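This report refers to the structure that appears directly beneath it.
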Amino acid sequence: MTSENHATIKTDSVMVMSPTGSTSQTAPFSPSTSKPIQELPDELIQAGWSKCWSKRENRPYYFNRFTNQSLWEMPVLGQHDVISDPLGLNAAPASGEAMSDAALGNGQRKRHPSEDTQAGPNSFKRPKVEIPVTPTTPTVPISPSTPGVKPWVNTTDDKQGSTSVPVPAPYRPSVVYWDLDVQTNAVIRERAPADHLPPHPEIEMQRAQLTTKLRQHYHELCSQREGIEPPRESFNRWLLERKLVDKGLDPLLPSECNLVISPSMFREIMNDIPIRLSRIKYKEEARKLLFKYAEAAKKMIDSRNATPDSRKVVKWNVEDTMNWLRRDHSASKEDYMDRLDHLRKQCGPHVASVAKDSVEGICSKIYHISAEYVRRIRQAHLTLLKDCNISVDGTESTEVQDRLVYCNPVRLSIPSPPQPRVELHFENDVACLRYKGEMVKVNRGHFSKLELLYRYSCIDDPRFEKFLSRVWCLIKRYQVMFGSGVNEGSGLQGALPVPIFEALNKQFGVTFECFASPLNCYFKQFCSAFPDIDGFFGSRGPFLSFSPASGSFEANPPFCEELMDAMVTHFEDLLECSSEPLSFIIFVPEWRDPPTPALTRMEASRFRRHQMIVPPFEHEYRSGSQHICKREEIYYKSVHGTAVIFLQNNAGFSKWEPTTERIQEFLAVYKISGLSLPSPGPSSTGTGDKDSKPVQEHLATSQDNSSPVDKTAADTTDI
């Protein structure tokens, strides 16, 4: 959308009416946003409208700084715009329903009774959905390609006041990995604004420094106490697993967990004791690994407080292995691997028993250091808010009616403090944001995406004065959570390819992602880890705290076993409680050795309607670093099979049934397209089944699914 498309008024200069009645001359089509003599309604001001004076025509007119649109008559919120809305879908009705229809959350148009009656015999009665109480965003969003002044170019400096940032040239992404025009069909109970402390770059910088320091402590403890490197990304999975049980107030670091010892961290360290077992390709590697394991097991038993029986068992098995290595030079790779497996089974329990106390000490120390860091961060945050005369305890609670509404982004009850200056400049196709020497980067396409998400979702910053500081906090938060190593965290943030989302939306009505972030989401409706900062960019909050009554959802969770298991519990609770159409399509790794509890539970669930397995190396994921990596690095092949499972209640099954035709259409797009990188390697929490078969489908024959599906009776087809 360009300014030429709008009915603009061509004048040599513009006179802007000030509150005192005086006028000031400004550049053409850059009217001041100061409040005019005749106040406009708050809805119009939030939508970007201001009243200006035309010297040439000698009369007032109305200008929208977001769309560069000019009108002689006072605009009507939600009016029909032939450029952005040629069919008039968002037009304000002429009847008394004008305000309620125009204000429906996320631009969603209310269905009329006549539409419901024409839906067909298999349709279900829709829940009564009220409009959200929170204000809605303008009907016509700003576009990254819109010429003219960007709304976020003015930032507030605590010392120098309002300063200007050079306006970048209009930018249109060459490849788009999202579709923010898809409206939601997710319905929730109305909820009150959240009481999270509002983000601030100063606090985010302190959190980043302390989290990096905590990572260093973890590395040192593993090295000093166990002589190993920390398991790959185990700290990242520790953060995910801890937040499932944490009752603390920090959005990232845990501080109040009933169970101090993390099962995830403990399990992953123990798996690497006495040495890390890597993937073996050649015979010599297998022989060397067997020798190193035997030597390390003997050394650990000799240096720790082991029982006489443990010493005897380990010593005998190690000597037997060494003798076998000396005399058998014709062994194959499989022989060495079998011998290693036997040695691990014999010595593993004894090695684990002597290392148990030490590993528990590592987990406990990391947790207690984290709790201390949280106390320091929160104290600094409360002090900052107090200095800005913002009271945390005095926030009035908002009354919430017991009604259904279309899901809307998380809102904060505590007002945001003034934001410091964040500098922005562009280096080719990369946007660089700097605060006090700390720079974060994001490619221009995703920067434009964040701009759109902010326009759709944020209601407390109509002039984008806090936009850059919040983008800085957002990118810094995710950068710190997933580490700074090469490819680190990419798998935990991986997303499905764009064609898959398009097929999910077309075939099964999916409009919502259960696990995403503003950086990797496809829809503008999603759940994410950090409601305090992600809410400004469209997040509906953490999924485990999100309770939809109806809708069609996609779930591709981070591959953390505890998180996936909690996800299944939440799915089944929601499906059990709702009689409205509810559907979840889940993508999880097919880990069979050992089996993953989440996958096992979903396969046995009475809500399972369909299942298929996509084999390893025959499908792709989008990298979690897509917002900064090169275009040719965005997609990578999966080294493990992916299980796709449909969990639906009866109403959801009737509305979005995985019929043979729909499944065939879906599988048609599940092909590798574009360039693929070699995979960074399998996750350390599990491995794919070696005997993965081609895509398998398991379709239950019973439609009501009142009892668990009998796998032996299911129709299995190779595609």
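What you are looking at is a predicted structure, and each value in this text was computed from that prediction instead of being measured.
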Ignoring hydrogens and angles, tell me if any N or O in the side chain of [X] forms a donor-acceptor pair with the backbone of [Y] under 3.5 Å.
X    : Y    : value
S654 : N650 : yes
K655 : E580 : no
S255 : V374 : no
D461 : K466 : yes
Q648 : W656 : yes
R622 : L496 : yes
R403 : E190 : no
S457 : Y454 : no
Q479 : V440 : no
N649 : S578 : yes

Quick one: pull up [atom1] in [X] and [atom2] in [Y] and give me the separation to the nearest 0.5 Å.
X    : Y    : atom1 : atom2 : result
H196 : H381 : NE2   : NE2   : 12.0 Å
I377 : L249 : CD1   : CG    : 12.0 Å
L239 : F482 : CG    : CZ    : 8.5 Å
C514 : Q525 : SG    : CD    : 12.0 Å
Q507 : E502 : CD    : CD    : 11.5 Å
H610 : E657 : NE2   : CD    : 11.0 Å

Taking the cut-offs as 6.0 angstrom to the six-membered ring centre and 45 degrees off its axis, would you call R477 and F530 a cation-pi pair? yes
Would R609 and F646 count as a cation-pi pair here, with the cationic atom under 6.0 angstrom from the ring centre and within 45° of the axis? no
Heavy-atom closest pair, residues [X] and [Y]:
X    : Y    : answer
Q611 : I645 : CG-CG1, 3.9 Å
L519 : K449 : O-NZ, 3.4 Å
C629 : I634 : SG-CG1, 3.7 Å
A555 : M567 : CB-SD, 4.3 Å
S262 : E241 : OG-OE1, 2.6 Å
R237 : C560 : O-SG, 4.1 Å

Carboxylate-amine/guanidinium contact [X] [Y], below 4.0 Å:
X    : Y    : answer
K476 : E438 : yes
R470 : D532 : no
R601 : D565 : yes
R207 : D250 : yes
R608 : E603 : no

Indicate yes or no: at least one non-hydrogen side-chain atom of [X] is less than 4.5 angstrom from one of [Y].
X    : Y    : result
F571 : E576 : no
C257 : R242 : yes
L433 : P201 : no
R191 : V400 : no
P616 : V639 : no
H627 : L450 : no
Y177 : N520 : no
V430 : V442 : no

Passes ring-ring contact (aromatic ring centres under 6.0 Å, His included), F515 versus F553? Steps please. CA-CA 10 Å; F515 300 91; F553 302 82; over 10 Å; no
Taking the six-membered ring for Trp, are the ring centroids of F512 and F526 within less than 6.0 Å of each other? no
Are [X] and [Y] linked by a side-chain donor-acceptor pair shorter than 3.5 Å?
X    : Y    : answer
T511 : N185 : yes
S605 : E572 : yes
D534 : Y478 : yes
N443 : H446 : yes

Working for ring-ring contact (aromatic ring centres under 6.0 Å, His included), residues F559 and F587: CA-CA 10 Å; F559 298 160; F587 297 76; over 10 Å; no
Run the side chain to side chain contact (heavy atoms under 4.5 Å, CB included) test on V182 and N505 for me, step by step, so that the C-alpha distance in whole Å, both residues' side-chain angles and the decisive distance to 0.1 Å come before the verdict. CA-CA 9 Å; V182 177; N505 175 247; 3.7 Å; yes
Report the C-alpha distance between L582 and F607 in whole Å, list the side-chain angles of each, state the deciding distance to 0.1 Å, and finish with yes or no for side chain to side chain contact (heavy atoms under 4.5 Å, CB included). CA-CA 11 Å; L582 195 56; F607 297 106; over 6 Å; no
Between C521 and L453, does a side chain to side chain contact (heavy atoms under 4.5 Å, CB included) hold up when you go through it step by step? CA-CA 10 Å; C521 65; L453 287 171; 4.1 Å; yes
The test is ring-ring contact (aromatic ring centres under 6.0 Å, His included); show your working for F501 and F523 and say whether it passes. CA-CA 9 Å; F501 276 114; F523 304 111; 5.7 Å; yes
Is there a side chain to side chain contact (heavy atoms under 4.5 Å, CB included) between Y621 and N556? Walk through the geometry before answering. CA-CA 11 Å; Y621 283 93; N556 176 32; 4.0 Å; yes
Output, in order, the C-alpha distance, side-chain angles, deciding distance and verdict of ring-ring contact (aromatic ring centres under 6.0 Å, His included) for Y435 and W472. CA-CA 8 Å; Y435 174 71; W472 188 92; 5.5 Å; yes
